[in-house]
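Structure first, commentary second.
Source: prediction; values computed, not measured.
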Amino acid sequence: MPKSRTRKKADFTPPPEKKATTIDLRGGGGRRWVAPLMLALFGIGLAWIVVFYVTDTSLPIESLGDWNILVGFGFIAAGFVVSTQWK
């Protein structure tokens with residue numbers, strides 16, 4: 001009986017080395033304004049609501065009445081919107 005041909009195994013070639021990615025810690029792409037603006041909006045919104053409750057609804061804008069809460073949450077929501085631009 002004839003002998004069958006043996007298959008040659010391919011030599012092992014290791015996978016290519018992975019290169020480490022560099023991270024730009026200086027703000028990346030000129031968006032240094034995002035984090036300070038986001039934190040400022042959060043702070044303003046929180047301060048607005050706290051002042052509204054501490055002054056027994058007479059400040060920040062008395063004529064708005066209970067709508068001052070919505071204004072405070074509006075600042076906080078704007079902070080979340082700005083946070084989507086953070087890289």
Residue list, side-chain hydrogen bond (donor to acceptor under 3.5 Å, both in side chains) with E62, at least two apart or on another chain: none
ring-ring contact (aromatic ring centres under 6.0 Å, His included) pairs, two or more places apart, involving residues 49-70: none
Aromatic contact, F75 with F42 (centres under 6.0 Å): no
Interatomic distance, I44 atom CD1 to I49 atom CD1 [nearest 0.5 angstrom]: 12.5 Å
Pairwise side-chain hydrogen bond (donor to acceptor under 3.5 Å, both in side chains) hits with a residue in residues 68-77, at least two apart: W48-N68
Least distance between heavy atoms, M38 atom then S83 atom: SD-CB, 3.1 Å
Linked hydrophobic residues, L46 as query - side chain contacts closer than 4.5 Å: V50, V54
Atom of V81, atom of T84 and distance for their closest heavy-atom approach: O-OG1, 2.6 Å
Partner set under side-chain contact (heavy atoms from CB on, under 4.5 Å) for V34, not counting sequence neighbours: R31, V82, Q85, W86
